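In this text, all values refer to a predicted model and were calculated from it rather than measured experimentally.
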Amino acid sequence: MTTSTAEAVRPPGRSTGGSSSAGSSSAGSSAATEPPADGRLAAASWEALFRAQVALMRRFSADDIWHPVSMREYDVLFTLTSAPTGLRLNELNREVLVTQPSLSRMVERLESKGLVTRCAAEGDRRGTLIRLTDEGAALQKEIGRRHVRSIRKYLEPALDEHQMTTLLELCTTLRTAQDSIPD
C-alpha cells in the first residue's frame, strides 16, 4: 500500500493541513459522510479490521491456555457447543472461526481423545454428525474461561464499553449483510 491510512480515508475535497472551517464536517455535509468513489475508505477499513484481527490472533495463539488441545482444536469444540444435535463435517467447516486445512483428520484426532463423537444423522443413513462428548464439553468450558480472561486482557485496556458495543454492532452488521450482497 503506497498511501498512508490517513490519506486513504480522507474524504474527497478535504485538505490535509490547516484548520480551514470549510473542511470541518457538519451533520448535513455530504463530503464528510460519503466515502471516496475510488474505494479507498473501504480498503482502509478492511485493512484496519484485518490488521487488528491478526494482531489479536497472534497474541491469542501465543497464550499458554490451550492445553491439552491446540487453538484450532479448541475452535472446533467451541463451534460444536452451539450445535447440541451435532454438525455435518461441511457445516462444521463453514462455522469454525479459524481456517481448518484438514478438518476431517482433526475430527478424527479429537474423536480418538474422546472429545467428540460421530453418529448417524437422523433420517439420513449416509449422513454423519459430529457432536461434543461430555468430556469435550467440559474441556471446552475450562479452556473457554481461560480464553475469555485473555480476551479481556487484550481488549479492555484498548476499548471502553461503548467502543466494544460499537465494534460488536459493526462486525455483526458487516457479517450478516454478506448473504444479501451479490457475488
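Taking R118 as the reference, E111 meet the salt bridge (Lys or Arg N to Asp or Glu O under 4.0 Å) condition, with sequence neighbours excluded. Listed by chain and number, the residues in a side chain to side chain donor-acceptor pair (under 3.5 Å) with R149 amount to none (sequence neighbours excluded).
More than 12 heavy atoms of other residues, nucleotides or ligands sit less than 6.0 Å from atom CD of Q178. Atom CG of D64 has 12 or fewer heavy atoms from other residues, nucleotides or ligands within 6.0 Å.
Residues A121 and R88 approach most closely at CB-NH2, 3.8 Å, considering heavy atoms. Contact detail for D63 and S150: the closest heavy-atom pair is OD2-OG, 2.5 Å. Closest of all the heavy-atom pairs between T79 and S82 is O-OG, 2.8 Å. Contact between V116 and L80 at its shortest, heavy atoms only, is CG1-CD1, 3.7 Å.
The hydrophobic cluster containing L129, built from Ile/Leu/Val/Met/Phe/Trp/Tyr side-chain heavy atoms closer than 4.5 Å, comprises no other residue. Residue W46 shares its hydrophobic cluster (ILVMFWY side chains chained together at separations under 4.5 Å) with L49, F50, V54, L174.
Side-chain contact between T166 and L159 is absent, with no heavy atoms from C-beta onward closer than 4.5 Å. L87 places none of its side-chain heavy atoms less than 4.5 Å from the side chain of N93. Side-chain atoms of E135 and K113, non-hydrogen and from C-beta on, never get closer than 4.5 Å to each other. Residues L89 and I130 meet the side-chain proximity criterion, which asks for heavy atoms closer than 4.5 Å.
Side-chain heavy atoms closer than 4.5 Å link hydrophobic residues (I, L, V, M, F, W, Y) into clusters, and following such links, possibly through other members, connects I151 to L77. Taken together through direct or relayed side-chain contacts under 4.5 Å among Ile, Leu, Val, Met, Phe, Trp and Tyr, L56 and M164 form part of one hydrophobic cluster.
Atom-to-atom distance recorded for L139:CG and D134:CG is 12.5 Å, nearest 0.5 angstrom. Taken from CD in E108 to OG in S102, the straight-line distance is 9.5 Å, to the nearest 0.5 Å. The CG atom of D75 sits 8.0 Å away from the CE atom of M71 when rounded to the nearest 0.5 Å. Taking CG of N90 as the start and CD of E95 as the end, the distance is 10.5 Å to the nearest 0.5 Å. T117 contributes atom OG1, which lies 11.5 Å from atom CG of L110 (distance to the nearest 0.5 angstrom). Annotation: the span from Q53 atom CD to M57 atom CE amounts to 6.0 Å, rounded to 0.5 Å.
Sorted by first and then second residue, the ring-ring contact (aromatic ring centres under 6.0 Å, His included) pairs with a member in residues 148-183 read F60-Y154; sequence neighbours excluded.
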Pairs of donor and acceptor atoms involving the side chains of residues 140-148, under 3.5 Å and at least two apart or interchain, shall be tabulated with distances.
residue, atom, partner, partner atom, Å
Q140, NE2, Y74, OH, 3.0
E142, OE2, R146, NH1, 3.1
R146, NE, I65, O, 2.8
R146, NH2, I65, O, 2.6
R146, NH2, H67, O, 3.0

**Study point:** Derivation of the side-chain contact (heavy atoms from CB on, under 4.5 Å) call for L92 and V107
**Key:** CA-CA 10 Å; L92 180 59; V107 167; 4.0 Å; yes

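Proximity of a side-chain donor or acceptor of T81 to a complementary backbone N or O of F78 within less than 3.5 Å is detected. Within the 3.5 Å criterion, the main-chain N or O of C119 finds no donor-acceptor partner in the side chain of T128.
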